[in-house]
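Quick one: this structure, given as structure tokens, is what I'll be asking you about.
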Amino acid sequence: QVHLVESGGGSVPAGGSLRLSCLATDHTYKPYYMGWFRQAPGKEREGVATIRSDGSTSYADSVQGRFTISQDNAENTLYLQMNSLKPEDTAMYYCAASTSYSPWYLRLRASGYTYWGQGTQVTVSS
């Protein structure tokens, strides 16, 4: 069982920045890819960014150019740098990990992931 623990959420004004972190507690687990999702009240969970084990990344159109996903394999930590935040970025943000054989085409879909963190709240005020 892989446990994912997010941190770094908070409240910022529009235009501000936040960096989310996700620590994977099992150092032996090697997912094919990891990702960040978000869910606002009354809306479906949305894939935001994903990074594959070889470093390839993919982003939702809504965050392209503003968010950057990265990983520190030595520290087993996934990051999401969020710049130029907008009120519509307000949501609960979740870290997720795939299995070692999940298909890449599911990288921004919740069905591509097996393990999930508990979430961290991001609130952007106008």
Side-chain angles (χ1 to χ4, degrees):
Q1 184 71 22
V2 176
H3 292 285
L4 304 174
V5 182
E6 302 100 332
S7 61
S11 297
V12 295
S17 298
L18 283 173
R19 188 176 81 156
L20 305 184
S21 299
C22 172
L23 174 65
T25 58
D26 184 349
H27 289 239
T28 65
Y29 185 71
K30 303 300 180 184
Y32 185 35
Y33 50 87
M34 295 189 70
W36 288 97
F37 284 73
R38 66 186 180 187
Q39 188 167 19
K43 295 188 176 181
E44 293 187 357
R45 191 165 294 193
E46 172 191 20
V48 174
T50 185
I51 185 165
R52 200 165 59 187
S53 55
D54 65 358
S56 297
T57 59
S58 185
Y59 297 92
D61 290 344
S62 58
V63 305
Q64 181 76 46
R66 299 188 298 121
F67 291 11
T68 303
I69 189 171
S70 62
Q71 58 189 4
D72 184 331
N73 292 325
E75 297 295 328
N76 251 39
T77 302
L78 181 73
Y79 299 101
L80 184 68
Q81 178 66 44
M82 305 185 295
N83 298 328
S84 302
L85 283 161
K86 304 175 181 180
E88 50 264 43
D89 295 318
T90 295
M92 185 71 78
Y93 282 71
Y94 298 90
C95 167
S98 75
T99 66
S100 58
Y101 50 83
S102 299
W104 180 235
Y105 74 87
L106 292 178
R107 61 192 180 275
L108 287 177
R109 301 184 192 176
S111 58
Y113 296 81
T114 300
Y115 301 104
W116 294 84
Q118 81 289 348
T120 185
Q121 178 68 37
V122 171
T123 302
V124 184
S125 58
S126 57

Exercise. With respect to Tyr113, which candidate in Tyr32, Trp36, Tyr33 satisfies the ring pair (Phe, Tyr, Trp, His ring centres under 6.0 Å) definition?
Worked result: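 Going through the options one by one, the only one that passes is Tyr33.
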
Exercise. Would Leu85 and Val63 show up in the same hydrophobic cluster when neighbours are defined by side-chain heavy atoms closer than 4.5 Å?
Worked result: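 In one cluster: yes.
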
Problem set entry | Contacts of type salt bridge (charged side-chain N to carboxylate O under 4.0 Å, His left out), residue Asp54, not counting sequence neighbours |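 Only Arg52 meet the salt bridge (charged side-chain N to carboxylate O under 4.0 Å, His left out) criterion with Asp54.
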
Exercise. Would you call the rings of Tyr93 and Phe67 parallel, tilted or perpendicular if under 30° counts as parallel and over 60° as perpendicular?
Worked result: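 Judged by the thresholds at 30° and 60°, the geometry between Tyr93 and Phe67 is tilted.
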
Problem set entry | Atom pair CG/CD of Leu80 and Gln71 - distance to nearest 0.5 Å |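 Going from CG on Leu80 over to CD on Gln71, the span is 12.5 Å.
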
Problem set entry | Side-chain heavy atoms of Trp104 within contact of Thr50, under 4.5 Å |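 Trp104 reaches Thr50 side chain to side chain.
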
Exercise. Taking only residues two or more places apart in sequence or in another chain, which ones pass salt bridge (charged side-chain N to carboxylate O under 4.0 Å, His left out) with Arg66?
Worked result: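 Asp89.
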
Exercise. Is it true that Val48 and Tyr105 fall in one hydrophobic cluster, defined by side-chain heavy atoms closer than 4.5 Å?
Worked result: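 In one cluster: no.
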
Exercise. Measuring from Ser11:OG to Leu18:CG, what's the distance to the nearest 0.5 Å?
Worked result: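 Reported to 0.5 Å precision, the distance equals 8.5 Å.
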
For this session: Would you sort out whether Ser62 and Glu88 count as a side-chain contact (heavy atoms from CB on, under 4.5 Å), showing the intermediate values?
Result: CA-CA 10 Å; Ser62 58; Glu88 50 264 43; over 6 Å; no

For this session: Would you mind reporting whether Leu78 and Leu4 have side-chain heavy atoms less than 4.5 Å apart?
Result: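 Not touching, per the 4.5 Å side-chain cut-off.
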
For this session: Would you give the length of the straight line joining atom CD of Gln118 to atom OG of Ser7, rounded to the nearest 0.5 angstrom?
Result: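 Going from CD on Gln118 over to OG on Ser7, the span is 8.5 Å.
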
Exercise. How long is the gap from CG on Leu108 to OH on Tyr59, to the nearest 0.5 Å?
Worked result: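 Reported value, rounded in 0.5 Å steps: 10.5 Å.
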
Exercise. What distance separates Arg38 CZ from Tyr94 OH, expressed to the nearest 0.5 Å?
Worked result: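 So the gap between those two atoms works out to 13.5 Å.
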
Exercise. Between atom CE of Met92 and atom CZ of Phe37, what is the distance when rounded to the nearest 0.5 Å?
Worked result: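 Separation between the atoms: 16.0 Å.
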
Exercise. Do you reckon Ile51 sits in the same ILVMFWY cluster as Leu20, going by side-chain contacts under 4.5 Å, direct or chained?
Worked result: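 Shared cluster, yes.
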
